[in-house]
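All remarks here apply to the structure that follows.
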2 protein chains.
Amino acid sequence: MRRPRETVPVTAERLDRVVLRPIRAHHAFEACVEQLAIAIRLGIYPPGSMLPPERDLAELLAVSRATLREAISALRSAGVVRTRRGRGGGTEVLDAAPATGRRGLGAIIGRVEDLRDALEFRAIVEPGAAGLAAARCARDEFSSDDRAALTAALDAVDRAPDEAIHRRADSILHLTVARLSGSTRLITAVTDAQDDLHTMLQAIPVLPRNIKHSSTQHRAIVAAIFAGNESRANRVMHQHCSDTAALLRGLLG
Amino acid sequence: MRRPRETVPVTAERLDRVVLRPIRAHHAFEACVEQLAIAIRLGIYPPGSMLPPERDLAELLAVSRATLREAISALRSAGVVRTRRGRGGGTEVLDAAPATGRRGLGAIIGRVEDLRDALEFRAIVEPGAAGLAAARCARDEFSSDDRAALTAALDAVDRAPDEAIHRRADSILHLTVARLSGSTRLITAVTDAQDDLHTMLQAIPVLPRNIKHSSTQHRAIVAAIFAGNESRANRVMHQHCSDTAALLRGLLG
DNA sequence: CTCTAAAGGTCTGAAGTTCGACCATTGACC
DNA sequence: GGTCAATGGTCGAACTTCAGACCTTTAGAG
């Protein structure tokens, strides 16, 4: 006789259905393309800059050089990058790189629910990152390079001459805050959130008024971090994310 | 002559080094083992329960049945599960399943820095999840099953007859809160956080006083969610995570 | 008792990924 | 101007994963 089983707890939806996540194996190529595209979109590799050597990049992404080269090749045929051989050569990011996800609401059809989730997630993790960064600053854990990077990222946003550069500078600022939080998990979360945000912002027109408002908040965030004021950094960043979310929710339905 | 390049912004540590993440391809097998082990550890599949049929599980994890079978086979030889064929058969989780990550500080040597990060991350995402769940409840978006699941999860924690079952019930409660937040991103984040927490808790002795304190907080969290009080749910969950973190930080150095 | 459905077990060819060794190109330095 | 080192380009053998068809076992329905 079989002994009675301890059954799985009754839930509206079985937990395994929501907890187990798809494994993305056997398609490292696509994941590579995606990550590089994200890095380029977010301005980590701005137009005109060079990607790291293939051997380094392959190690960073933990894929073989062969797979990485496939990915770069895809970006090349998409017109996003250009490659030159020889010493001093390499892969360069091109200017006109709106190849992936071109402007327009069409790009986000069917993702609205998911994007709503993305905005909520962002409004949780980014304030957390800002708070931790402030706490680290208060504990005097910033190097002079750290301070310089944050200041530079803030300046870059203000000085951005056009919309595309502004968007990239904005992402870089947020990613820098995440990096200064010292948490690898938060860096990952913020990177994902920024990419989702990028998708949404591409679909709507940018209003100068919003940019101005945003700049004020950016300055307040950085000031709070430098002041080592954890709760204020958290609060201001939360407000910043909420404002963006409200704007987007209004426009995306 | 090559035109001047827009260089990558100067930062203390290049952003690509922290933003680009390893691709885990070509090792779906290991990822499978890991996810199943997590699900079992966290009590999603408690001892005595059956895993879903291989065909279903393979689809859930988006791997081929062959790969999934390899993973199950690994768990079987680790003594974690048992498999029987035929109708009504399947793979059953066994009682003595502490095969992965056995108790003791040895299991977390070299991960202390990472675990500190995990605690900070948890103290950000779990309160966020609790807050969203409360907000959803306030908007009356809970089904009766949702309410029942939350109540049942809370009861299970209180009724747990021993430490191992208590640990699993605790995880299930937190995962249920995450599920009720309605955010897939948060479910993922909380799952990861709970697994890290599990690793740490296995390394220290559990004090009855802590369990009692914890139970009080659990009730307060669930009450806040049912009351639809977003900020209180957030605050109480934050306190709960902070308390656990303080306890662990003290014991793990 | 028999049949059937539901589960795990097995097999094979195609396709993707890895790793390492080696080739080709080109700018920088002497 | 020549050398060299850094960089991309190419190839192939070994491994992993996939997809799905098919087999075996077993409990329950009739």
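The analysis underlying the following values was restricted to heavy atoms, covering all of them including side chains, and did not include hydrogens, waters or symmetry mates. Convention: sequence-line order gives letters A, B, ...; per-chain numbering from 1.
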Inspect the surroundings of CD in A:Glu54 and state if more than 12 heavy atoms from other residues, nucleotides or ligands are less than 6.0 Å away.
->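 Yes, CD of A:Glu54 has more than 12 neighbouring heavy atoms, counting only those of other groups under 6.0 Å.
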Between [N] atom [atom2] and [X] atom [atom1], what is the distance in whole Å?
{"X": "B:Arg85", "N": "D:dC23", "atom1": "CZ", "atom2": "P", "answer": "14 Å"}
{"X": "B:Phe29", "N": "D:dC18", "atom1": "CZ", "atom2": "C1'", "answer": "16 Å"}
{"X": "B:Met50", "N": "D:dT26", "atom1": "CE", "atom2": "P", "answer": "14 Å"}
{"X": "B:Glu54", "N": "C:dA6", "atom1": "CD", "atom2": "C1'", "answer": "12 Å"}
{"X": "B:Leu57", "N": "C:dA6", "atom1": "CG", "atom2": "C1'", "answer": "16 Å"}
{"X": "A:Glu92", "N": "D:dT7", "atom1": "CD", "atom2": "P", "answer": "15 Å"}
{"X": "A:Leu68", "N": "D:dG9", "atom1": "CG", "atom2": "C1'", "answer": "13 Å"}
{"X": "A:Arg87", "N": "D:dA6", "atom1": "CZ", "atom2": "P", "answer": "6 Å"}

Is there a donor-acceptor pair closer than 3.5 Å between any side-chain N or O of A:Asp117 and the backbone N or O of B:Thr184?
->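 Yes.
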Flag side-chain contact, heavy atom, 4.5 Å: A:Arg179 against A:Asp146 |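 Side-chain contact under 4.5 Å: yes.
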Quick check on [N]: is either OP1 or OP2 less than 4.0 Å from any side-chain nitrogen or oxygen of [X]?
{"X": "A:Arg55", "N": "D:dT7", "result": "no"}
{"X": "B:Thr67", "N": "D:dT16", "result": "no"}
{"X": "A:Arg69", "N": "D:dG9", "result": "yes"}

For DNA chain D, whose closest nucleotide is more 5', that of A:Ala66 or that of A:His27?
->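 Between the two, 5'-proximity favours A:Ala66.
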Looking at D:dG9, does its base get a donor-acceptor pair with the side chain of A:Arg65 below 3.5 Å?
->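 Between D:dG9 and A:Arg65, which were checked side chain against base, a qualifying N/O pair under 3.5 Å is present.
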State plainly whether the residues B:Asp192 and A:Arg21 are in salt-bridge range, i.e. N to O under 4.0 Å.
->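 Counted as a salt bridge, because a side-chain N and a carboxylate O are separated by less than 4.0 Å.
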